[in-house]
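Please read the structure below before turning to the comments.
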Amino acid sequence: MKDLVGIKEIEKSDIERILNTASSFKDVLKRDIKKVPALRGKTVVNLFFEPSTRTKTSFELAEKRMSMDVLNFSVPTSSVVKGESLLDTVRTIEAYGVDFIVIRHSSSGAPHFIARNVNASVISGGDGINEHPTQALLDAFSIIEKKGRLEGLKIAIVGDILHSRVAKSNIYCLAKLGAKVRLIGPPTLIPMDLPEGVTVFHDMDEGIKDTDVIMMLRIQMERQGKGFFPSTGEYSMLYGLNINRLGLAKKDAIVMHPGPMNRGIEISSEVADCQQSVILEQVTNGIAVRMAVMYLLSGMQENE
Ligand code: CP
């Protein structure tokens with residue numbers, strides 16, 4: 001593989017290879033010296049055309065842990081604001097001889113377009129409402145770390161599935177790895193074209209019953225028009241995860257959220273901070289998973 005722009009287009013064996021490699025890097029991150037020379041001499045540029053806290057910092061830390069030279073591209077102070085096109089911007093950066101381009105963009109398909117036009121390896125940090133592949137990989141890694149497997153687990157993804165690139169990548173990833181995926185949300189926020197085997201629930205209490213994992217999603221106000229649901233208060237009442245609702249899942253169910261959270265809307269603070277929440281562990285695991293992705297894309301093998 002030259003690029004990682006989505007989970008839809010990769011094989012189950014690719015996902016497993018990334019997760020196994022991430023496991024080795026997680027061990028590295030527990031050492032006193034958390035750095036390896038594996039990608040010394042390689043150069044990466046982080047191109048974030050949309051805001052990010054977790055993905056941007058996690059990639060940057062992963063790159064530094066791999067001893068890479070890191071270039072952070074600041075869109076608001078670049079010539080993008082003077083009208084330079086995405087392709088001209090990327091070709092300019094590539095002229096420096098970069099090996100990796102990490103890109104987040106508001107347009108679905110932007111990383112795929114760039115990948116077709118440059119020699120560098122392109123990694124998507126999220127494109128529009130399409131996919132966020134490394135988030136799904138770190139989510140899978142976090143579930144396996146807690147549950148020991150994915151095969152056969154009942155996993156509920158709750159909320160604004162339609163506008164969530166995290167949900168799309170997770171649906172592909174979890175289905176490929178044999179989990180039973182349930183999507184929960186109002187009919188207006190569930191996409192029409194879903195892979196086979198995915199079950200849809202509009203009643204949250206019914207949907208989260210006996211689940212092993214509950215993955216909550218933020219309402220993506222910045223991507224929505226109006227009218228997908230009457231009010232955030234009503235949405236929260238019908239689809240918010242509070243401690244009583246959590247009681248309907250299995251006793252040892254884990255709660256996940258890719259962030260950023262809107263506490264009090266899709267998730268109560270009591271749940272976000274409870275023992276069953278693995279939200280901060282997801283953040284930690286993002287580094288190891290992103291190290292693994294860059295390591296494998298550079299042509300290194302799993303056990304090299
Ligand atoms: N999970 C995630 O994509 O978070 P950021 O938007 O903060 O990167």
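Indexing begins at 1, ligand by ligand and atom by atom, following the structure's order.
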- Output the list of atoms in ligand 1 that are nearer than 4.0 Å to some heavy atom of His132, sorted by atom number. 2 (C), 3 (O)
- Element-labelled atoms of ligand 1 that are located less than 4.0 Å from some non-hydrogen atom of Gly259: 1 (N), 2 (C), 4 (O)
- Determine whether the side chains of Thr55 and Arg104 contain a donor N or O and an acceptor N or O closer than 3.5 Å. yes
- Close-contact set for ligand 1 against Thr53 heavy atoms, below 4.0 Å: 5 (P), 7 (O), 8 (O)
- The protein heavy atom nearest to atom 4 (O) of ligand 1 is Arg54 NE, 3.0 Å
- Item | ligand 1 N/O within reach of Lys56 N/O, cut-off under 3.5 Å | no
- Ser142 side chain to Glu281 side chain, donor-acceptor N/O pair below 3.5 angstrom: no
- Would you say the side-chain atoms of His257 and Glu266 include a donor-acceptor pair closer than 3.5 Å? yes
- Message: Using heavy atoms and a 4.0 Å limit, tell me yes or no: is Gly126 in contact with ligand 1?
- Response: no
- Message: Looking only at protein heavy atoms, which one is nearest to atom 6 (O) of ligand 1, and what is the separation?
- Response: Arg104 NH1, 2.9 Å
- atom 2 (C) of ligand 1: the protein heavy-atom neighbour that sits closest, reported with distance to 0.1 Å: Thr55 OG1, 3.5 Å
- Pro258 neighbourhood, listing ligand 1 atoms whose heavy-atom distance to it stays under 4.0 Å: 1 (N), 2 (C)
- Query: Knowing that exactly one of Arg65, Lys64, Glu63 qualifies, which makes a side chain to side chain contact (heavy atoms under 4.5 Å, CB included) with Met291?
  - Reply: Arg65
- Could you label the plane-to-plane angle of the Phe25 and Tyr295 rings as parallel, tilted or perpendicular, counting under 30° as parallel and over 60° as perpendicular? perpendicular
- Task: Answer yes if the side chains of Gln135 and Asn170 hold a donor-acceptor pair under 3.5 Å, and no otherwise.
- Result: no
- Message: With no hydrogens and no angle check, just 3.5 Å: does a side-chain donor-acceptor pair link Glu270 and Asn242?
- Response: no
